[in-house]
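One structure is given here, and the rest of the page talks about it.
Here is the naming used below: chain letters follow the sequence lines, and residue numbers restart at 1 for every chain.
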Amino acid sequence: MPSAWESAAAGLSNHVVAEMRTRARRMEPPGCLLPDAARRYTRQYVRRERRTQRNRIGVGEGVNVLEDLTPAQREAVEHGEGPLLVLAGPGSGKTRVVTRRIARLIERGVSPRSILAITFTNKAAETMRSRVHQLVPGAPVWVSTFHRFSAMLLRRYAEVVGLRPNYSILDDSDQRRAIKQVLQDLDYDPAHYSPDRVAGRIGQLKGDLVTADQFSRQYEEGIGNNWDQVVAHVYPAYQRWLLESNAVDFDDLLLHVASLLSEHPELRRQLDHRYQFVLVDEYQDTNAAQYRIIAALSQEHPNIQATGDPDQSIYAWRGARIENILRFEREFPDCHVVKLEQNFRSTQAIVRSADRLIAHNRQRKAKRLVTDNAPGEDVELVCFDDASQEAAGIARRIHQLAGEQAIPWSEFAIVYRVNALSRQVEMALRRERIPYQVAAGAAFYDRAEIKDALAYLRLAANPFDRAAFARAVNTPLRGLGETSQRRLAQWADLERIGLLDACRRAGDVPKLSKNAARGFRAFAELIGRLDIAKSGSVGDLLTEIVDRSGLAAAWIHSPREEDQQRLGNVQELITAARQYDEAAGDERSIDGFLEQCALISDSDSVDDAAGSVTLMTLHSAKGLEFRVVFVLGVEEGLIPHERSLRDVSGFELEEERRLLFVGMTRAKERLFLTQTRIRTFRGRTLASIPSLFTTEAEVSRVDETALGVPDLYVQARDFERTSDDESADKKDDAVGAAKRADVPERPLLMTGAELLNGGKPSAAPNANRFDEGMLVRHPRYGLGTIVEVSRVSSRTNVTVRFAHEDRVQTFVAEKSPLQPVGVKNGAAADAVCE
DNA sequence: AGAGAGACCATTTTT
DNA sequence: TGGTCTCTCT
């Protein structure tokens with residue numbers, strides 16, 4: 001095996017790795033090998049421990065970890081050994097308590113290495129790590145997300161579950177593709193059994209610790225419905241596919257580790273000993289697998305701290321169990337409970353509204369939420385005519401507050417229930433030239449060119465990765481089409497060898513054309529030459545990949561904007577790799593970088609220092625705070641989401657209420673809820689119904705509609721604000737205008753979609769905006785001039801001569817992404833920007 | 001093999 | 001509404 005294997009297994013001595021490998025090959029039951037490996041691991045750990053102690057890591061000078069704490073906070077921070085449950089309301093200083101307690105433990109002589117802090121998001125882990133380091137410089141406390149922690153353990157003990165340490169982590173689309181293939185192999189029509197739903201069900205099962213074997217056995221015993229019969233077939237086949245690819249999906253990371261811990265008592269014991277203090281954040285969002293993992297690490301050393309707030313549980317739909325937090329006290333009977341109820345984040349007005357809202361949940365432990373902060377301004381519920389007014393109104397208020405109170409852009413957040421709602425707000429912000437960022441970090445890694453480049457990297461690390469093979473083998477095109485690939489794969493299955501090995505012996509594959517065989521061999525050779533040891537770093541290796549694979553060659557000389565963009569994106573990926581190289585130092589490995597890429601999430605991209613307004617879903621807003629928050633679309637069907645209304649138990653409705661509660665409590669100073677009279681969603685325009693929650697939260701109403709709010713909105717228990725809307729509006733405009741004057745002019749170029757969507761709603765997207773001689777731009781072919789416009793019945797054909805290669809092409813105006821260039825601030829631009 | 005047209009479909013939240 | 005997938009034409 002190549003060196004990647006060795007470096008991935010760096011945690012174990014070569015001897016142990018070799019032993020594991022032979023035993024895995026001999027298919028010996030892993031149980032007999034584990035204690036040995038674990039013991040060696042522990043010995044290593046103890047050695048490292050001694051080194052650490054010699055280095056004398058301690059609380060920084062002048063730091064008093066008990067300073068500025070409320071009695072309740074101090075009680076939690078001072079807690080020594082034994083289980084601790086911290087029920088922490090929003091803004092109650094939860095992170096502060098956790099980090100201070102870690103520092104306090106170290107101060108009392110607990111080794112930093114025996115402390116493990118687990119969060120849900122990378123961002124939360126990052127914050128916690130840096131805060132701990134502020135208190136205890138250089139402390140090697142392990143702060144990690146559930147998934148990263150599991151990935152790390154799984155690398156170390158991969159053999160035990162039948163994997164190799166260089167396993168790949170599949171993303172959602174790989175997973176869906178794999179399931180689709182498995183469905184087809186089993187003669188199910190993916191059109192009828194959507195891979196999405198099957199994947200969803202499998203994910204659910206994995207989260208609940210139901211293995212493929214268990215589930216198919218259940219089915220054999222006659223339990224389950226029709227749909228589950230299919231899943232009972234697909235799930236085990238999919239797991240086999242994963243194992244053969246030496247790959248896992250997200251849920252596997254947790255499931256594998258959970259079973260590792262429960263099936264190997266000796267290993268569990270060792271790790272329990274290794275991580276003596278375990279602190280879990282957002283405990284209310286743990287699912288069965290996560291619960292199993294942390295419980296397993298807290299048997300002999302039950303120094304577990306669970307921090308959470310049942311009122312902020314918003315992932316029950318994903319298998320999170322609120323019961324876990326209730327069960328905690330039962331599972332750890334001598335557990336100490338601390339309640340943090342004082343809010344330090346928000347004004348009284350915000351806290352009051354949020355508290356009133358959440359009080360409507362019936363399945364809930366009563367909890368107060370109080371604050372000593374300033375009274376603050378009323379929470380406002382602003383009603384607009386439609387979504388574009390709503391977006392404009394939000395943008396205007398942001399301008400106003402930014403101008404009047406000198407609030408930086410980064411202190412504003414706009415949150416919504418579904419991603420689809422962000423579009424109009426984005427347009428409004430762009431129009432107003434307000435810098436913004438959308439929390440969508442994963443989007444970068446979703447791009448085809450990024451996945452392609454990473455596929456090569458994945459193959460270099462893990463030659464069995466079928467998903468990566470399928471992606472890379474014919475990208476860029478090598479004439480290795482579907483048929484050739486199928487022949488190769490069939491033969492590989494027959495010979496029981498990996499696809500890459502099959503490539504090397506492509507000459508032996510029956511019915512394969514000479515060209516194809518040569519192509520496969522060349523591909524195998526290309527992958528074989530990729531070697532991290534020779535390249536030195538992941539960044540260099542990636543550069544080599546992009547060069548040698550021919551990915552870049554196709555783009556470099558292309559006039560297409562999208563190709564240039566691709567090139568730029570890949571360069572950005574290389575930059576990311578170099579950053580990784582630097583951060584990881586000697587520890588760097590392909591696996592490490594790939595793992596980082598795979599486990600990134602949307603909210604991770606939120607950059608506090610970016611100086612821009614943040615747009616995000618309510619879910620990803622959890623854990624963050626902003627001075628000003630807008631929650632948009634607070635309407636029946638959105639919040640609460642229509643799906644939740646179908647649940648007669650009311651459980652899902654309560655989760656929606658918690659979701660809004662989470663959103664509201666992100667605000668420090670000002671909170672706006674917005675709604676519209678009509679909303680266009682999925683191409684359908686409907687009159688909206690104000691959300692039940694708006695009355696429950698007891699907020700002030702502000703009317704910004706042209707004709708006044710209809711009766712529907714003026715409800716019996718209404719809390720009218722005698723608002724001087726008109727004068728306020730005028731002031732808005734004055735301030736807005738002053739501010740706007742400072743920023744550069746609006747952009748002259750907009751995309752075709754913007755041109756179409758930004759126009760007046762009545763004016764059908766008109767093809768008439770194209771004229772002969774007009775300068776236009778096509779995202780694919782670049783700049784060109786219109787040489788002919790012809791109208792055939794209702795459609796308009798536009799013929800364009802492009803500068804590049806003197807290409808002439810005809811488009812249907814209504815369908816093409818063609819856009820006019822250099823539109824002056826004349827009629828067209830005004831129509832666009834209104 | 002590539003581009004465009006048209007059908008089809010989904011449409012909650014995420015590591 | 002729009003994004004994706006498939007079909008068809010070149």
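Residues A:Phe661 and A:Pro90 form a side-chain contact, since some pair of their non-hydrogen atoms from C-beta on lies under 4.5 Å apart. Residues A:Ile169 and A:Asp249 fail the side-chain proximity criterion, which asks for heavy atoms closer than 4.5 Å.
In this model, a donor atom of one side chain and an acceptor atom of the other lie less than 3.5 Å apart for A:Ser649 and A:Asp647.
A close approach under 4.0 Å does occur between a side-chain nitrogen or oxygen of A:Ser620 and OP1 or OP2 of B:dT14. Between B:dT15 and A:Asn122, no contact under 4.0 Å exists linking OP1 or OP2 to a side-chain N or O.
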- Query: Should A:Ser688 and A:Glu636 be marked as a side chain to side chain donor-acceptor pair (under 3.5 Å) after you check the CA-CA gap, both sets of side-chain angles, and the distance that decides it?
  - Reply: CA-CA 7 Å; A:Ser688 7; A:Glu636 212 64 8; over 6 Å; no
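With the nearest nucleotide of DNA chain B identified for both A:Leu480 and A:Ala598, A:Leu480 has the one nearer the 5' end. Mapping A:Leu477 and A:Phe250 onto DNA chain B by nearest heavy atom places A:Leu477 at the nucleotide closer to the 5' end.
Contacts of A:Phe120 with the nucleic acid, taken as non-hydrogen atoms under 4.0 Å apart, involve only primed sugar atoms and P, OP1 or OP2. Nucleic acid contact for A:Tyr315: sugar-phosphate only, since backbone atoms but no base atoms lie under 4.0 Å from a heavy atom of the residue. Note on A:Asp251: nothing from the nucleic acid sits closer than 4.0 angstrom, heavy atoms only.
Atom CG of A:Asp249 is separated from atom C1' of B:dT14 by 13 Å (rounded to the nearest Å). With rounding to whole Å, A:Lys123 atom NZ is found 12 Å from B:dT15 atom P. One atom, CG of A:Leu253, and another, P of B:dT15, lie 13 Å apart when rounded to the nearest Å. Atom-to-atom, CG of A:Asp196 to P of B:dT14 comes out at 15 Å; the value is rounded to the nearest Å. Straight-line distance from the CD atom of A:Glu426 to the P atom of C:dG2: 13 Å, rounded to whole Å. Between A:Asp172 atom CG and B:dT15 atom C1' the separation is 9 Å, expressed in whole Å. B:dT15 atom P lies 14 Å from atom CD1 of A:Ile169, rounded to whole Å. Regarding A:Asp446, its CG atom lies at a distance of 12 Å from the C1' atom of B:dT14, rounded to whole Å.
Counting distance only, with no hydrogens placed and no angle test, the side-chain atoms of A:Arg318 and the base atoms of B:dT13 include no donor-acceptor pair under 3.5 Å.
Residue ring and base: A:Trp317 counts as stacked with B:dT13 (centre distance below 5.5 Å, interplanar angle below 30°).
For DNA chain B, the neighbouring residues in residues 636-646 of chain A, judged by any heavy atom under 4.0 Å, are A:His641, A:Arg643.
When all heavy atoms are compared, the tightest approach of A:Ser168 to A:Asp465 is OG-OD2, 2.6 Å. Here the shortest heavy-atom pairing between A:Leu260 and A:Tyr157 reads CD2-CB, 3.7 Å.
The pair A:Glu652-A:Arg646 does not count as a salt bridge, with every side-chain nitrogen at least 4.0 angstrom from each carboxylate oxygen. A salt bridge links A:Arg129 with A:Glu126: the closest approach of a Lys/Arg side-chain nitrogen to an acidic carboxylate oxygen falls below 4.0 angstrom.
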Show each protein N/O and nucleotides 3-5 of chain C N/O combination with a separation under 3.5 Å, one pair to a line.
residue: C:dG3; atom: OP1; partner: A:Arg423; partner atom: NH2; Å: 3.1

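When the options A:Arg679, A:Gln675, A:Arg677, A:Gln424 are evaluated for a side chain to side chain donor-acceptor pair (under 3.5 Å) with A:Glu390, the one that passes is A:Arg679.
Geometrically, A:Lys622 engages A:Phe120 in a cation-pi contact, judged by NZ or CZ lying under 6.0 Å from the ring centre and within 45° of the ring axis.
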